[in-house]
Amino acid sequence: MIGYEDVKGAAGRVAGRVRTVAVAPARPGVWFALEFLQHTGTFKARGALNFTAAQLEAGEMPAAGVAIASGGNAGLACAWAARAAGVPATVFVPETAPPVKVRKLRGFQADVRLVGQEYAQAADEARRWSARSGALLSHAYAHPLIAAGAGTLMEEIHAALPQVDTVVVAVGGGGLFAGVAASAAEHGVRVVAVEPEGCRALNAAVRAGEVVDVPVASVAADSLGARRVSEDALGWALRGDVRPVLVSDEEIVAARRRLWAEHRIAVEHGAAAASAAIDAGVYVPAEGETVCVVLCGANTDPSDLTG
């Protein structure tokens with residue numbers, strides 16, 4: 001299981017190469033971490049940069065470059081980091097991936113392959129391609145370098161908001177959650193892990209005591225639609241000061257619209273899931289508690305917010 005030293009190592013690799021997260025007050029006791037302003041539009045840039053930099057440092061980057069399967073955001077980050085390093089990137093995404101993400105992938109000069117209807121199908125093809133081509137297989141979330149890179153976000157939140165008691169994060173495959181939890185534990189910060197009711201891989205794993213497959217059906221499935229969480233995510237959910245919660249699709253949609261109406265923030269549904277936990281009262285902060293909600297991505301078409 002990744003630990004705090006992994007996050008600190010990642011922080012050294014990404015320093016000066018990612019945008020330090022801005023933290024802004026939302027309402028009394030609640031702050032937003034504006035990570036959607038990150039390179040490529042999501043926190044994923046942190047893990048991709050850490051992964052690529054570590055492999056280059058170790059002299060383990062093949063001529064075929066990197067391959068990854070993604071609902072879109074991890075692929076964008078991988079393609080961005082690979083382009084910066086001057087290595088090829090082949091990205092496998094479901095045919096259901098939002099067109100805005102596919103266009104951005106091609107803009108980063110990635111070789112984009114559309115495969116199947118779910119992330120798991122794209123991941124199977126990415127593994128086969130890696131074996132054939134010799135490309136280094138990255139992962140959207142279940143790799144220690146990816147998770148540790150994501151955890152650097154929590155380091156920046158704590159530096160900007162040292163009084164923070166609780167951080168609220170959306171969970172898909174669990175890379176962001178695992179990295180944040182590893183850092184949060186060091187600083188004595190609680191983590192609220194938010195999943196859509198229709199994409200509850202972490203919740204199901206906690207209940208079962210082991211990683212299990214779950215069905216995927218949610219408005220946020222393009223970024224949170226993993227069938228299973230990583231072992232690191234489950235480990236931190238069982239070990240850290242963590243509260244897993246679920247939100248409905250209706251609550252996610254309402255939170256996304258509220259972010260636009262009240263703050264003029266346009267994020268994807270996966271990012272709005274974290275805010276939904278507070279808006280819907282699924283997690284109710286105690287009196288005097290300081291909460292930071294991570295708005296983790298904005299690779300979305302905002303046209304449905306203006307009606």
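The residues of the chain are indexed from 1 along the displayed sequence.
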H158 and H187 aromatic ring geometry - parallel, tilted or perpendicular at 30°/60° bounds: parallel

Spell out, as yes or no, whether a donor-acceptor pair under 3.5 Å connects the side chain of E195 to the backbone of L202. yes

Kindly check if the number of other-residue, nucleotide or ligand heavy atoms within 6.0 Å of CZ (R83) is above 12? yes

Partners of R228 by side-chain contact (heavy atoms from CB on, under 4.5 Å), sequence neighbours excluded? Y141, V211, D213

Ion pair check, R113 and D111, cut-off under 4.0 Å: yes

Heavy atoms of L161 and V23 approach each other most closely as CD2-CG1, 4.2 Å

Quick check against the 3.5 Å criterion: does T152 have a side-chain atom that pairs as donor or acceptor with the backbone of G149? yes

Would you mind checking if K8 and E5 are paired as a salt bridge, meaning a charged N to carboxylate O distance below 4.0 Å? no

Over 12 foreign heavy atoms within 6.0 Å of CZ, R128: yes

I'd like to know if R258 pairs up with E251 as an ion pair, taking the criterion as any Lys NZ or Arg NE/NH1/NH2 lying under 4.0 Å from an Asp or Glu carboxylate oxygen. no

Between R257 and D279, does at least one N-O distance fall below 4.0 Å, as a salt bridge requires? no

L295 versus I265: any side-chain heavy-atom pair under 4.5 Å? yes

Nearest atoms (heavy-atom pairs only) where V7 meets A182: CG2-CB, 4.1 Å

side-chain hydrogen bond (donor to acceptor under 3.5 Å, both in side chains) contacts touching residues 166-177 (sequence neighbours left out): T166-R190, T166-E289

Which heavy-atom pair separates F51 from I146 by the least distance, and what is that distance? CB-CD1, 3.7 Å

So that I can tick it off, tell me whether E268 and R256 are bridged by a salt bridge, with the cut-off set at under 4.0 angstrom between side-chain N and carboxylate O. no

Which residues share a side-chain contact (heavy atoms from CB on, under 4.5 Å) with A205, sequence neighbours left out: V229, L234

Going through the distances and angles, do R243 and V191 end up as a side chain to side chain contact (heavy atoms under 4.5 Å, CB included)? CA-CA 6 Å; R243 185 171 303 181; V191 182; over 6 Å; no

Evaluate side chain to side chain donor-acceptor pair (under 3.5 Å) for N50 paired with R46, printing each intermediate quantity in order. CA-CA 6 Å; N50 187 46; R46 297 173 181 273; over 6 Å; no

